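Being a predicted model, the structure only gives us computed values, none of them experimental.
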Amino acid sequence: MISFQKSLTELDRAYSVERAALECYWSAIRSAEQYLVEVDPAETKATRAELCEVLAIAENSASPDQLLDTRGRLRASLRDYQDRTHSKIARLRADLQSAVAAMQSAADSIVAQEGDHRARLGREIAHLKVSATFADLNQIRTAVLASAHGIEVCVERLQCENQLAIAQLSDEIRSLHEQIEEAGKMVTLDPSTGLFNHEQIELRVEVAASSGITKSLCLIYIRVRNYKLLCHQLGRAAAETALAALSGRVRGIFGPKEQIGRWSDDELLILAQSDPVEALARSKRAAASTPGEYAIHVDGALRKITVQTQILFVERRNGETARDLLRRVDEFALVPQTPDR
């Protein structure tokens with residue numbers, strides 16, 4: 001009788017612990033949905049809706065296995081939102097730096113004006129340079145608005161004093177637009193490797209999966225298992241150099257026809273639309289040739305760096321969407337990996 005009572009007590013305790021864990025998981029999803037930073041209202045709204053769907057699935061799960069299935073979707077939603085937010089802030093800062101350079105060139109061209117207008121314009125450009133280093137969007141917005149007002153005042157006064165200077169400023173603004181258009185072409189690429197960034201490679205997977213022309217579609221996922229260890233031992237710059245060298249080798253294996261992107265800091269993703277047998281053969285070749293030593297420059301000296309990789313080959317199943325395909329990649333990525341030392 002005592003043993004039976006003890007078993008009931010342990011069962012009640014296990015149920016309480018399980019319930020507390022579920023409440024914590026649900027609370028974490030609610031918190032993530034409530035505290036998203038609204039860089040882009042439309043994207044924030046879509047991500048919140050996605051998190052609400054994940055929460056609804058988790059709350060209605062009838063078994064632990066069904067609950068575990070939400071992990072990959074939750075990780076993908078939060079990671080994608082983070083990537084898009086970082087990309088928008090980086091793009092804004094880059095455009096602002098280009099604007100500062102154009103305005104500085106315009107100010108330098110106004111050599112005939114040595115009075116208060118030139119000095120004030122110089123101060124406003126200096127303020128713009130400082131705002132280009134900010135990471136907070138509110139700080140950037142406040143600084144840009146203040147500088148824009150000061151620049152408008154300077155330009156209005158200069159217009160009355162020197163029409164030639166205004167013509168030169170117009171030329172610089174036109175040049176700035178051309179630079180921004182050129183920079184827009186580069187926002188699809190990862191700056192370290194020259195590969196497509198996460199947003200672009202994901203978009204290409206979605207387009208390929210939804211196209212009726214594509215008969216076969218495969219993904220090859222490559223993880224650098226010791227990327228964090230390289231960052232710790234050699235620094236981020238050296239680890240990025242090693243990843244760039246790895247990306248070059250991957251390009252050589254898969255050729256120009258396949259689309260290759262940087263999925264995260266330590267992950268690459270290849271979209272292969274060629275014959276699945278050929279794609280599988282190339283993935284095996286990558287598994288054999290990507291790990292090993294890479295010669296890179298660290299602190300001005302040539303060093304041999306050992307890179308450890310892990311590769312997953314995923315072939316699209318009948319009726320499988322791009323989201324389903326990428327979720328299989330995310331589930332594989334969730335498996336903990338310990339780098340070899």
Side-chain angles (χ1 to χ4, degrees), residues 37 39 75 78-101 129-137 139-140 179 182-202 220-254 259-270 286-287 289-311 329 333 336-341:
V37 178
V39 176
R75 175 181 183 266
L78 293 177
R79 184 198 58 209
D80 293 352
Y81 186 76
Q82 181 187 52
D83 289 345
R84 287 193 293 267
T85 301
H86 286 171
S87 175
K88 287 183 180 298
I89 293 177
R91 189 181 309 171
L92 175 61
R93 293 177 66 183
D95 289 347
L96 190 54
Q97 289 171 348
S98 296
V100 169
K129 288 181 179 178
V130 174
S131 67
T133 64
F134 294 158
D136 185 274
L137 287 181
Q139 286 183 298
I140 293 176
Q179 292 177 27
E182 186 66 24
K185 299 176 183 178
M186 298 300 296
V187 298
T188 62
L189 303 179
D190 173 65
S192 295
T193 62
L195 305 176
F196 289 121
N197 58 27
H198 177 94
E199 184 177 354
Q200 285 298 314
I201 191 65
E202 181 179 32
I220 297 92
Y221 165 89
I222 302 178
R223 172 194 288 164
V224 180
R225 298 175 59 202
N226 61 333
Y227 178 84
K228 292 182 179 178
L229 183 61
L230 291 176
C231 287
H232 176 72
Q233 292 178 338
L234 304 173
R236 173 83 179 215
E240 288 291 286
T241 302
L243 189 67
L246 169 68
S247 301
R249 188 172 296 183
V250 170
R251 282 196 195 94
I253 294 172
F254 288 93
Q259 302 182 62
I260 308 172
R262 186 170 184 178
W263 194 240
S264 73
D265 280 351
D266 57 353
E267 299 169 307
L268 304 181
L269 193 67
I270 299 97
S289 60
T290 54
E293 291 187 338
Y294 290 76
I296 67 171
H297 283 88
V298 179
D299 296 330
L302 189 64
R303 290 187 56 176
K304 290 185 177 180
I305 304 301
T306 299
V307 175
Q308 301 160 9
T309 62
Q310 184 178 21
I311 293 183
V329 173
Q337 296 293 329
T338 303
D340 299 332
R341 293 181 181 271

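To the nearest 0.5 Å, atom CD1 of residue Ile201 and atom CH2 of residue Trp263 are 8.0 Å apart. Separation of atoms OG1 (Thr193) and CG (Leu268) is listed at 7.0 Å; rounding is to 0.5 Å. Within the model, atoms CZ of Phe254 and CD1 of Ile260 stand 7.0 Å from one another, a figure rounded to the nearest 0.5 Å. Here CD1 of Ile222 is found 7.0 Å from CD1 of Ile253. Values are rounded to the nearest 0.5 Å. Note that CG of Leu243 and CD1 of Ile296 are 10.5 Å apart. Values are rounded to the nearest 0.5 Å. The line from CZ of Phe196 to CG of Asp190 is 12.0 Å long, rounded to the nearest 0.5 Å.
The backbone N or O of Leu229 lies less than 3.5 Å from no partner atom in the side chain of Asn226, so there is not a single donor-acceptor pair. Although no hydrogens or angles enter the test, the distance criterion places no donor-acceptor pair under 3.5 Å between the side chain of Arg225 and the main chain of Gln310.
For the residue pair Pro291 and Ala286, the shortest heavy atom distance occurs at CD-O, 3.8 Å. Closest approach of Leu195 to Gly261, counting heavy atoms only: CB-CA, 4.1 Å. Residues Leu230 and Ala242 approach most closely at CD1-CB, 4.5 Å, considering heavy atoms. The heavy-atom pair separating Ser289 from Tyr294 by the smallest distance is O-OH, 4.3 Å.
For Glu240, the salt bridge (Lys or Arg N to Asp or Glu O under 4.0 Å) partners two or more places apart in sequence, or in a different chain, are Arg236, Arg262.
Counting heavy atoms from C-beta outward, Ile220 and Ile311 have side chains that approach closer than 4.5 Å.
For the salt bridge (charged side-chain N to carboxylate O under 4.0 Å, His left out) condition, no pair includes a residue of residues 243-253, sequence neighbours left out.
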Residues Thr290, Val307; criterion side-chain contact (heavy atoms from CB on, under 4.5 Å); working and verdict: CA-CA 8 Å; Thr290 54; Val307 175; over 6 Å; no
Could you give the side-chain donor-acceptor pairs of residues 299-306 under 3.5 Å, partners two or more places apart or in another chain?
none

